[in-house]
Amino acid sequence: MPKFLCDVRVLLVVAAIAFIYLQLRLFATQSEYAERIAAAVEAENQCTSQMRSLIDQISMQQGRIVALEEQKKLQDLECGQLRTLVQELERKGLQRLIDKVQEPVAAVVIMACNRADYLERTIKSVLKYQSSVALKYPLFVSQDGADPSVRSKALSYDQLAYMQHLDNEPVKTERPGELIAYYKIARHYKWALDELFYKNNFSRVIILEDDMEIAPDFFDYFEAAAALLDNDKSIMAVSSWNDNGQKQFVHDPYTLYRSDFFPGLGWMLSKSIWDELSPKWPKAYPLWLKENHKGRQFIRPEVCRTYNFGEHGSSFGQFFKQYLEPIKLNDVRVDWKSIDLSFLREDKYPRHFADMVKNAKPVYGADVVLKAYNIDGDVRIQYRDQADFERIARQFGIFEEWKDGIPRTAYKGVVVFRYQTPRRIFLVASDSLRWLGID
């Protein structure tokens, strides 16, 4: 019995030792697996971290690629702009060289006062044809007075220069009933022309008013006439206007005349003439006076190169409905550079004009309008004096008015106009044939 118990105890001890050994081995195995799992987790975490880092690096590289692409586009755009700038600078540099050789034909000044709506219409008409020749014809607006809407309108255009004439000196008319406006206009004209000729040193100036539209060949016409104005000292100015330029009295856009009457309404003056006029500029009606003409004449077209739409102004619409509204504005683009204008020179024109008058068929007596209408070809009608001229002019419907002893548009006392056809009517003063050397 004791031996049996001893064996049992030995077996229990052996079993306990085996159990402990197994537990130790199991614990060791579990620890090994735990370490391996921890190492695997750590390796996985490192791998995940490296992947994230790699992804971040890829994202950064992609961002850099996008930024480089944008930078390249920007550089390409800047290169294009620089190329355009270089070309523009080269063009301007070349243009400056040309400008040094070729001075402007004439400054163009729009005389304005207090009609902003009229001024806008005029500026738009001028810019329509001036923009392509802006270097030849620099544009100015000269305002008389301080009307804010006119000033604002003029300053809204980058294509022109603005001048302002402020004159608060009281006006005293020389004759009863005269309009003060004509005296203020004369002051404004003198100031503006002094500014353009002396301060800005232009050799010629074209004067427009703020109620005018211009023809397509307006600038070409004045450029062609500039040489005449410079070289023929018997020409005082060149005008774009014909007082008898109503639709029924004109036909040929190529025809030009000399006139002893100052037409105005769009005219070009040279500095040499202004040097003479400026010191003695009249207080009113400056260029209508024969004392300023000194026997010189004006060039005018048959078909007007300006149209006056100013029904409301200083003259209170005088003559507008009858004489100004029906004016024919030339719509033909005449190539003036190809036309020889030497016939207008002082040594040629009297004979040229005399031949036209001489070849016209004389008409006498009453009912001259009907007689002229029934004649093929040009007609010559003689008038005795101003009253007789006004009577005949009234029958045809042309301007009756004289200024300082000269009928409107007259040359050597002869007023010429078309009548319903290409036929020309010559109203001839009693002394005109002798002045023209016609027997």
Side-chain angles (χ1 to χ4, degrees), residues 106-114 138 140-146 161-212 222 225-226 229-230 232-241 243 259-300 306 308 310 313-315 401-406 408:
V108 180
V109 59
I110 302 171
M111 310 296 284
C113 182
N114 57 5
F140 294 79
V141 167
S142 181
Q143 181 186 1
D144 187 31
Y162 172 75
M163 307 189 303
Q164 187 176 31
H165 174 237
L166 298 174
D167 180 13
N168 297 318
E169 184 180 345
V171 175
K172 185 177 181 180
T173 60
E174 295 181 344
R175 290 171 288 273
E178 285 186 315
L179 292 174
I180 291 177
Y182 288 126
Y183 286 80
K184 294 183 73 65
I185 290 171
R187 288 182 185 178
H188 182 201
Y189 269 61
K190 183 181 188 312
W191 176 85
L193 291 172
D194 279 344
E195 287 284 306
L196 293 169
F197 279 123
Y198 299 139
K199 185 175 180 179
N200 292 278
N201 201 33
F202 288 108
S203 58
R204 305 177 204 91
V205 175
I206 297 172
I207 299 97
L208 291 169
E209 296 173 20
D210 63 353
D211 53 3
M212 292 182 181
F222 277 111
L229 183 63
D230 291 343
D232 190 337
K233 301 308 177 184
S234 69
I235 298 174
M236 192 169 191
V238 177
S239 176
S240 59
W241 182 259
D243 281 306
S259 173
D260 296 308
F261 187 93
F262 170 60
L265 297 181
W267 49 287
M268 180 168 66
L269 191 69
S270 68
K271 185 175 184 294
S272 60
I273 297 293
W274 185 245
D275 288 340
E276 172 194 328
L277 292 176
S278 180
K280 59 177 183 179
W281 189 247
K283 295 180 179 179
Y285 319 108
L287 286 181
W288 285 332
L289 303 177
K290 286 192 290 187
E291 65 186 60
N292 290 323
H293 297 182
K294 294 184 178 178
R296 292 169 295 195
Q297 285 132 9
F298 306 89
I299 302 298
R300 68 164 182 89
T306 48
N308 188 301
S314 298
S315 60
E401 186 186 33
W402 291 34
K403 285 190 181 294
D404 205 16
I406 305 174
R408 285 181 181 265

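- Side-chain contact check for I207 versus Y189: some heavy-atom pair is nearer than 4.5 Å.
- Rounding to the nearest 0.5 Å places CG of N308 at 4.0 Å from CG of D211.
- For the atom pair CD1 (I273) and CG (N292), the distance works out to 10.5 Å, reported to the nearest 0.5 Å.
- A donor atom on one side chain and an acceptor atom on the other are found under 3.5 Å apart for H188 and S142.
- Going from atom CZ of R296 over to atom CD1 of I235 covers 11.5 Å, rounded to the nearest 0.5 Å.
- Annotation for K233 and S272: closest pair NZ-OG, 4.2 Å, computed over non-hydrogen atoms.
- Annotation: side chain of L196 is not in contact with side chain of W274 (no heavy-atom distance under 4.5 Å).
- Formation of a donor-acceptor pair under 3.5 Å by the R187 side chain with backbone atoms of E169 is found in this model.
- Put simply, the side chain of N200 never gets that close to the backbone of F202: no donor and acceptor are under 3.5 Å apart.
- Here the side chain of E209 pairs no donor or acceptor atom with the backbone of A112 at under 3.5 angstrom.
- With values rounded to the nearest 0.5 angstrom, R204 atom CZ is found 11.5 Å from L269 atom CG.
- Here the NZ atom belonging to K190 is positioned 9.5 Å from the NE2 atom belonging to H165, to the nearest 0.5 angstrom.
- The aromatic rings of F298 and F262 lie tilted to each other, with the angle between the two planes from 30° to 60°.
- Side-chain atoms of I299 and W267, non-hydrogen and from C-beta on, never get closer than 4.5 Å to each other.
- Proximity of V108 to I206: side-chain heavy atoms (C-beta onward) are separated by under 4.5 Å at one or more points.
- Between the S239 side chain and the P263 main chain, no donor and acceptor come within less than 3.5 Å of each other.
- Closest approach of Q164 and A146 over heavy atoms only: NE2-CA, 3.6 Å.
- Taking the side chain as every heavy atom from C-beta outward, L277 and M236 approach each other to under 4.5 Å.
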Show your reasoning for whether side-chain contact (heavy atoms from CB on, under 4.5 Å) applies to K283 and Y182. CA-CA 8 Å; K283 295 180 179 179; Y182 288 126; over 6 Å; no
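- With a 4.5 Å cut-off on side-chain heavy atoms, M212 and L265 count as touching.
- Residue K172 places its NZ atom among 12 or fewer non-hydrogen atoms of other residues, nucleotides or ligands, all under 6.0 Å distant.
- With hydrogens and angles ignored, the 3.5 Å screen pairs no side-chain donor or acceptor of W241 with any backbone N or O of T306.
- In terms of heavy atoms, R408 sits closest to F261 at CG-CZ, 3.4 Å.
- Contact between F140 and A107 at its shortest, heavy atoms only, is CE1-CB, 4.1 Å.
- Rounded to the nearest 0.5 Å, atoms CZ (F197) and OG (S270) are 6.5 Å apart.
- Side chains of S278 and D194 form a contact here, defined as non-hydrogen atoms less than 4.5 Å apart.
- Residues Q143 and C113 approach most closely at NE2-O, 3.5 Å, considering heavy atoms.
- Residues A225 and V238 share a closest heavy-atom pair of CB-CG1, 3.7 Å.
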